[in-house]
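Single-structure report; data block below.
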Amino acid sequence: MAPERRAKVSTTTALLVLAGAALAAYGLDQLSKYLVVSTLTEGETVQVLGQVLQLQFVRNPGAAFSLASGMTWIFTILAAGVITFIIWFARRIHSVAWAVVFGLLLGGVLGNLTDRLFREPSFGLGHVVDFISTPWMLPAIYNVADMAIVSSMALFMILTIRGIGLDGSRETRSRSEQEAGGASSVAEDSADGAASRPDADGGQSARPAQAAPQPGEA
């Protein structure tokens with residue numbers, strides 16, 4: 001197996017893509033939360049598409065999708081650690097797809113971290129604003145930041161399954177290996193055909209010849 005070179009990009013390009021994805025996710029998350037807080041009353045539900053899509057304003061002290069309520073300070077520390085890791089790791093990325101993965105993750109984590117740092121009840125213990133409800137799909141209420149995080153995880157699994165590395169390369173058979181494999185297959189087919197071809201007497205070819213009698217044998 002040899003790495004197939006893909007569209008490797010420079011560190012600068014990868015960082016720009018990562019930053020763009022992060023800013024887009026973060027900006028959309030914070031804008032949507034501002035509109036919800038400004039126009040809806042906490043606990044209010046607005047039917048957008050019936051049971052398919054609803055807006056329901058709640059404040060979540062836990063993790064994504066309202067999990068682990070009451071552990072806000074732990075998620076604040078974890079989010080800060082994730083952001084620090086992404087910033088440190090970013091210079092190793094030379095793939096647009098992987099830059100999008102880490103950009104969406106960075107934007108989503110930063111969006112919810114902003115809520116935990118600056119919203120009520122206190123610094124570091126703030127409640128995250130959730131407002132998107134899709135009862136037909138999930139029994140939880142979430143936000144744009146959560147969607148960005150989940151999207152980054154889905155793209156992460158796709159790239160991992162396809163074997164695409166951080167530099168854009170993909171493990172695949174080289175051309176010489178493919179040609180060698182094809183030649184070997186042709187040779188095997190030819191040998192099988194020769195072994196099963198009938199001779200003129202209707203029997204099988206490649207019949208072993210009798211050994212000539214040796215001197216002294218009757």
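Bear in mind that the values here come from a model prediction, so they are computed numbers and not experimental data.
Taking every heavy atom of both residues into account, K33 and V129 meet most closely at CE-O, 3.5 Å. When all heavy atoms of L155 and A97 are compared, the pair lying nearest together is CD2-O, 3.9 Å. Scanning both residues, F131 and I141, for their nearest heavy atoms gives N-CG2, 3.6 Å. Considering every non-hydrogen atom in both G108 and A148, the closest pair reads CA-CB, 4.2 Å. In this structure, A99 and A14 approach most closely via the heavy-atom pair CB-O, 3.4 Å. Of all heavy-atom pairs between I83 and L113, the closest is CD1-CD2, 3.5 Å.
Under the 4.5 Å side-chain heavy-atom criterion for Ile, Leu, Val, Met, Phe, Trp and Tyr, V36 and Y34 are members of distinct hydrophobic clusters. Under a hydrophobic-cluster definition in which Ile, Leu, Val, Met, Phe, Trp and Tyr are linked whenever side-chain heavy atoms come within less than 4.5 Å, directly or via other members, L23 and L15 are assigned to different clusters. Placement of L16 and W88 in two distinct hydrophobic clusters is found when ILVMFWY residues are connected by side-chain heavy-atom separations under 4.5 Å, directly or transitively. Hydrophobic clustering of Ile, Leu, Val, Met, Phe, Trp and Tyr side chains at less than 4.5 Å, counting indirect connections, unites V96 with M153. If you chain together hydrophobic residues whose side chains sit under 4.5 Å apart, V109 and F118 fall into the same group.
Contact of the N112 side chain with the F75 side chain is not registered, since no non-hydrogen atoms from C-beta on lie closer than 4.5 Å. The closest side-chain heavy-atom distance from E42 to V58 is not below 4.5 Å. Between L117 and F123 there is a side-chain heavy-atom pair separated by less than 4.5 Å. Side-chain atoms of S151 and L104, non-hydrogen and from C-beta on, do get closer than 4.5 Å to each other. L105 places none of its side-chain heavy atoms less than 4.5 Å from the side chain of V101.
The distance from the CG atom of L18 to the CD1 atom of I86 is 7.5 Å, given to the nearest 0.5 Å. Atoms CG and CD1, from L106 and I87 in turn, are 6.0 Å apart once rounded to the nearest 0.5 Å. I164 CD1 to I161 CD1: the interatomic distance, rounded to the nearest 0.5 Å, is 11.0 Å. Going from atom CZ of R116 over to atom CG of L78 covers 9.0 Å, rounded to the nearest 0.5 Å. In this structure, the separation between CZ on R59 and CZ on R119 is 6.5 Å, given to the nearest 0.5 Å. We find the NE2-OG1 distance between H94 and T11 to be 3.5 Å, quoted to the nearest 0.5 Å.
Of the possible polar contacts, one joining the R170 side chain to the R162 backbone as a donor-acceptor pair under 3.5 Å is found. Listed for the D29 side chain is a donor-acceptor partner under 3.5 Å among the backbone atoms of A145. For W98 (side chain) and L159 (main-chain N/O), no donor-acceptor pair under 3.5 Å exists by modelled atom type. Side-chain N or O atoms of D146 include one that pairs as donor or acceptor with a backbone N or O of N143 at under 3.5 Å. Between the side chain of T13 and the backbone N or O of V9 there is no donor-acceptor pair closer than 3.5 Å.
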request  = Give the C-alpha distance, both sets of side-chain angles, the deciding distance and a yes or no for side-chain contact (heavy atoms from CB on, under 4.5 Å) between F102 and S152.
outcome  = CA-CA 7 Å; F102 285 97; S152 71; over 6 Å; no

key: Derivation of the side-chain contact (heavy atoms from CB on, under 4.5 Å) call for L125 and T76   = CA-CA 8 Å; L125 297 175; T76 300; 5.9 Å; no

key: Candidate pair W136 and Q51, rule side-chain contact (heavy atoms from CB on, under 4.5 Å), full reasoning   = CA-CA 6 Å; W136 63 276; Q51 293 297 310; 5.5 Å; no

ask   = Are I132 and L53 close enough, and set up right, to give a side-chain contact (heavy atoms from CB on, under 4.5 Å), and what steps lead you there?
value = CA-CA 7 Å; I132 302 174; L53 177 62; 4.0 Å; yes

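Side-chain polar atoms of Y142 and T134 form a donor-acceptor pair below 3.5 angstrom.
Ring geometry, F85 versus F89: the interplanar angle falls under 30°, so the pair is classed parallel (tilted spans 30 to 60°).
Shown here are the side chain to side chain contact (heavy atoms under 4.5 Å, CB included) partners of Y26, two or more places apart in sequence or in another chain: Q30, L110, T114.
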